Colleague: 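Sharing a structure with you now.
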Amino acid sequence: MDLRIDMPLALLLLLPIFMYFGWTYWRERQRLKRSHITVLGIRILAVICLVFALAGPYILLPIKEEQILFMVDRSASMNGTDGEMANFIEESLQSKKDEQLAGIYSFSSTLQTEAILSKTLKEVPKFTNIEATDQTNIEQSLQLASGIVNSKKATRLVLLTDGNETKGNALEFASKFKGSNISVDVVPFHQPVSTDVSLKSFVTPQVAYVGEQQQLVTEVHATAANKGELLLYENDKLVHREAVELAQGSNVFTYKHTATAEGLVKYEAVVQVEQDAIFENNKLTSITMVQSEPHLLIVNGYDSASPIAAALGRQSISFDVVDAQSLPNELSSYLQYNAIIFDNVPGHLVGEAKMNVIEQAVKNFGVGFTMVGGENSFGLGGYFKTPIETLLPVEMEIKGKEQLPSLGLVIVLDRSGSMYGSKLELAKEAAARSVEMLRDEDTLGFIAFDDRPWEIIETGPLNNKEEAVDTILSVTPGGGTEIYGSLARAYENLADLKLQRKHIILLTDGQSQSGNYEDLIAEGKENGVTLSTVAIGQDADANLLEALSEMGTGRFYDVVDEQTIPSILSRETAMISRTYIEDNPFYPTIYNASGWNTLFANGVPQMNAYIGTTAKQGASVIAESEKEDPVLAQWQYGLGKTFAFTSDSTGKWTGDWARWQDWGTFWQTLISQMLPSYNDVAYDVRLESDGSFVITDPTNEAAFLDVVAVNEAGEELETQLEAISASQIRAVVQAEPGLIFFRIADEDQAIFQAGISVPYSAEYELRPVNDKLVEELTKQTGGSVLKEPKEVFREFTKKGADRQNIATWLILAGMLLFFIDITIRRFGWSFFTKSKKKEQLVENKTTQAEDTNVAQLLKGMKKR
């Protein structure tokens, strides 16, 4: 037991107190009686108790239990050491004492439990899998470990690691252990690697021009002499393959390449050898801005050649034509274009993942976008509530919905166990979108089935959309798959309803027992019910579902990409009503719009048809139908300019427009207005060693720049900007290894694009044990660098203790002494002496009464 004081300076208050009482005693010593001296002593003792209470005194009671926490580094740089580290822990546990608690935790970017702290741990359990091993965060692991242990007990954290942290600052956090019961020991381990080849750097020019020869410089590091192959890619297309002889150490290879791609071009270097320890360090990417004339991407939704390409001709703007299935997934592939045109492209062939990437290209990088009408476009193309609808100047909903035919829709959704996860969630989201497209007076039914049908929403008028959507989204997965009974229930529910359009949509990813589908669907057709089917995944019975859709005069969709499910259902809901297509010939009204007036100076050709949409608030309508629906509309979405042309490009709907002498000029005018305005200022974007990006503005107006960072998947990354000087700002971006694209815009919204490659984590670099960190960490916390397992459970130099505060007891003691002091001064010593006399008197009387009673008892006995 140990007595300690928190604030010893408070004891200095005793000096003036002793001086005061000493002077009082000296002054009154002649008149003081013995009782007065006693009272003075009580008062002094009370004051001393209060002063000691102010000083914060406490008693430390020793705790015998001790804690040893093993922390196993299982990051990528420690691959191949699990067995060795487990053996070290196993052997060290043989030296554990009964009063010692031991636990095992593993870490990489975070900490996870292998064996909780206990006195009974004797063996090392099999290590659990760790998902993310691309970082080593010793700081966070120490922080979490310090929260697991009892801070009152003597604690030893035993780190089994190479000390090569890639995230955080362990030494900075370990300084908080100073004065605590926690010490850190380190057992150094390192990855047993003999042969490894890695790419150290891959450099391409920041800016180049089409046709210009540029140097691609690759540095390859080899731990030993080796033979391999170097491959270089331009926008994922192989442009160079070379067999290379690798000497031990650094090897530099230079390849001269003539740029053919345009815009932000992605280059990638890959090195391959037969024997390689770490594959993650064999690839690096780089971005070059290849400047050229504007470049257009036409996505053609027709089986034949692109009508827009034919109208433009090869002498106009440079363009590429692709189909919807060939659209890329990466943002870099879209940033090589200045504008994109979707010509009658169905949304379910695009998918929402690609739509999200295109939206980012338009919003943050100024890529122009136009959607052209047709039977597979706008609402009929399934774009309701998609990212494409978000960027367009029109909504897929149409005005005058009261004029649509009465509709009845029943969605039959597979909720079996195989639909668990993203398939079911996307299917529910798709069903919810379909509900939102219906009118309140339309009829809706929703059946979810597993081994039997569950009528989630009874077929009837749609009185409350929000309630219906919430009900659909609450569906959970179930058991087996039984299609026929659910489909029969849907047909039965729609059969007797007096509606102009009745439709069923069946979505499933499985197979079912056979049923009499022919008779069921034939009877349904007599009642005006149509059927479309959606096969989700490769396990679905596509042959059956396709046959059902043919018999039901609907459509069949074979879904490989789950992201396309919402577009399919919104397309199906729109297709129920063909009134989305307005097919009465008319002459569009052209409004006063810059760049368009001269084109129609000699009159406006007649148009046959268009798809009904509604112009968004803030959009500019350039051409309008007789029903005041937009035929050509535009607006600004972020930094991009987008257009909606609701007629088609083939001449079937556009009529005389396609035979018009200025038909090619019309498309050239639209494209020229889509093109972004790029900034002539060349901003410099560089990756710093700490992972942040420094952007340099040569015009010294860095504080006014708008900066957005986006990854390859089109996800906008959280970015924090910090001003360094008038010409520089620092951007801190939470970025994973790979390509990061920066959009930099000034006050005039002029755009500058830059792509930066974030290299693979330092975790994949071959490095020896970080002896400096190991030594500093152990020295700073009072630990040791361990070599033998038995050293883990050595004696603790600092014992654990439980702190007991005694200030409260001292305050109570002081108050009691003050009470005694006040009582004596108020009543004198007679208060205590009288009390004693009274007690004595009562005792004497009691004794006399007892003696009298005894005497009387004896006297009576004698008489008998």
Side-chain angles (χ1 to χ4, degrees), residues 296 298-317 319 321 339-345 368-381 392-394 398-400 578-615 619-635 641-675:
L296 172 69
I298 301 173
V299 186
N300 183 26
Y302 297 101
D303 294 333
S304 56
S306 167
I308 296 177
L312 287 173
R314 281 292 172 184
Q315 301 304 316
S316 61
I317 185 173
F319 59 81
V321 180
I340 302 170
I341 296 178
F342 269 27
D343 188 9
N344 195 35
V345 178
F369 184 87
T370 293
M371 176 171 281
V372 180
E375 293 183 349
N376 294 316
S377 192
F378 293 100
L380 294 179
L392 286 174
V394 296
I398 59 174
K399 293 184 293 184
R578 300 293 293 183
T579 52
Y580 269 76
I581 301 175
E582 297 287 347
D583 55 0
N584 296 314
F586 67 99
Y587 290 92
T589 301
I590 306 298
Y591 290 99
N592 186 20
S594 174
W596 295 99
N597 293 332
T598 56
L599 187 63
F600 297 99
N602 296 322
V604 180
Q606 189 182 54
M607 184 173 285
N608 292 337
Y610 64 93
I611 287 187
T613 60
T614 302
S620 298
V621 177
I622 300 165
E624 189 176 74
S625 73
E626 293 174 340
K627 292 186 176 182
E628 298 183 345
D629 293 330
V631 174
L632 178 63
Q634 70 170 31
W635 79 339
K641 300 169 187 174
T642 69
F643 288 77
F645 182 57
T646 58
S647 191
D648 75 346
S649 62
T650 64
K652 179 181 178 182
W653 289 7
T654 44
D656 291 344
W657 284 54
R659 295 181 288 273
W660 181 29
Q661 61 180 0
D662 289 326
W663 183 232
T665 307
F666 167 81
W667 290 108
Q668 291 172 7
T669 303
L670 189 149
I671 292 166
S672 66
Q673 296 212 10
M674 273 199 297
L675 297 177

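Hydrogens, waters and symmetry mates play no part in the numbers below; they use all other heavy atoms, side chains included. It should be emphasised that the depicted structure is a prediction, and the values quoted were computed from it without experimental measurement.
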Colleague: Strictly distance-based, threshold 3.5 Å: is any side-chain N or O of Ser625 a donor or acceptor partner for the main-chain N or O of Val631?
Modeller: no

Colleague: Atom CE of Met607 and atom OG1 of Thr646: how far apart are they, to the nearest 0.5 Å?
Modeller: 7.0 Å

Colleague: Let me confirm one number: the CD1-CG distance from Ile298 to Leu312, rounded to the nearest 0.5 Å.
Modeller: 5.5 Å

Colleague: With the side chain counted from C-beta on, respond yes when Glu375 and Lys652 share a heavy-atom pair under 4.5 Å apart, and no when they do not.
Modeller: yes

Colleague: If you define the side chain from C-beta out and look only at heavy atoms, does anything of Phe600 sit under 4.5 Å from Asn602?
Modeller: no

Colleague: Say you draw a straight line from CG of Leu296 to CD1 of Ile340; how long is it, rounded to the nearest 0.5 Å?
Modeller: 9.0 Å

Colleague: In Å, rounded to the nearest 0.5 Å, how long is the span from CG of Leu380 to CD1 of Ile611?
Modeller: 4.5 Å

Colleague: Check whether any side-chain heavy atom of Thr614 lies under 4.5 Å from a side-chain heavy atom of Val394, and answer yes or no.
Modeller: no

Colleague: Nearest 0.5 Å, what's the CE-CZ distance between Met371 and Phe342?
Modeller: 6.5 Å

Colleague: Which pair of non-hydrogen atoms, one from Gly373 and one from Tyr302, has the smallest distance, and what is that distance?
Modeller: O-OH, 4.1 Å

Colleague: Quick one: are Tyr591 and Ser620 in side-chain contact, heavy atoms under 4.5 Å?
Modeller: no

Colleague: Determine, stepwise, if the pair Gln673 / Lys641 fulfils side chain to side chain contact (heavy atoms under 4.5 Å, CB included).
Modeller: CA-CA 8 Å; Gln673 296 212 10; Lys641 300 169 187 174; 5.8 Å; no

Colleague: Do the side chains of Asp583 and Asn608 get nearer than 4.5 Å, heavy atoms only?
Modeller: no

Colleague: Report yes if the side chains of Pro588 and Glu624 come closer than 4.5 Å at any heavy-atom pair, otherwise no.
Modeller: no

Colleague: Counting only N and O atoms by type, is there a donor-acceptor contact under 3.5 Å from the side chain of Asp648 to the main-chain atoms of Trp653?
Modeller: yes

Colleague: Of the non-hydrogen atoms in Gly603 and Pro605, which two are nearest, and what is the gap between them?
Modeller: O-CD, 3.9 Å

Colleague: Could you check whether Asn344 and Ser377, counting side-chain N and O atoms only, form a donor-acceptor pair closer than 3.5 Å?
Modeller: no

Colleague: Is the closest side-chain heavy-atom distance between Phe643 and Phe369 below 4.5 Å?
Modeller: no

Colleague: Give the intermediate values and the outcome of side chain to side chain contact (heavy atoms under 4.5 Å, CB included) for residues Ile341 and Phe645.
Modeller: CA-CA 10 Å; Ile341 296 178; Phe645 182 57; over 6 Å; no

Colleague: Please check if the side chain of Thr654 supplies one atom and the backbone of Trp657 the other of a donor-acceptor pair under 3.5 Å.
Modeller: no

Colleague: Once the angle between the rings of Tyr610 and Phe586 is folded into 0 to 90°, is it parallel (under 30°), tilted (30 to 60°) or perpendicular (over 60°)?
Modeller: perpendicular

Colleague: Identify the two heavy atoms, one from Ala623 and one from Ile590, that lie closest to each other, and give their separation to 0.1 Å.
Modeller: CB-CD1, 3.7 Å

Colleague: Which pair of non-hydrogen atoms, one from Ala609 and one from Ser647, has the smallest distance, and what is that distance?
Modeller: O-OG, 2.9 Å

Colleague: Among Thr650, Val321, Val299, Ile308, which residue meets the side-chain contact (heavy atoms from CB on, under 4.5 Å) test with Asp343?
Modeller: Ile308

Colleague: Can you find a pair of side-chain heavy atoms, one from Met674 and one from Thr370, that are under 4.5 Å apart?
Modeller: yes

Colleague: Given side chain to side chain contact (heavy atoms under 4.5 Å, CB included), test Trp667 with Ser649 step by step and report yes or no.
Modeller: CA-CA 10 Å; Trp667 290 108; Ser649 62; 4.1 Å; yes

Colleague: Run the side chain to side chain contact (heavy atoms under 4.5 Å, CB included) check on Trp635 and Leu392 step by step: do they pass?
Modeller: CA-CA 8 Å; Trp635 79 339; Leu392 286 174; 5.6 Å; no

Colleague: Is it true that Trp596 and Thr669 share a donor-acceptor pair across their side chains at a distance under 3.5 Å?
Modeller: no

Colleague: Between Ala619 and Pro393, what is the shortest heavy-atom contact and its length?
Modeller: CB-O, 3.4 Å

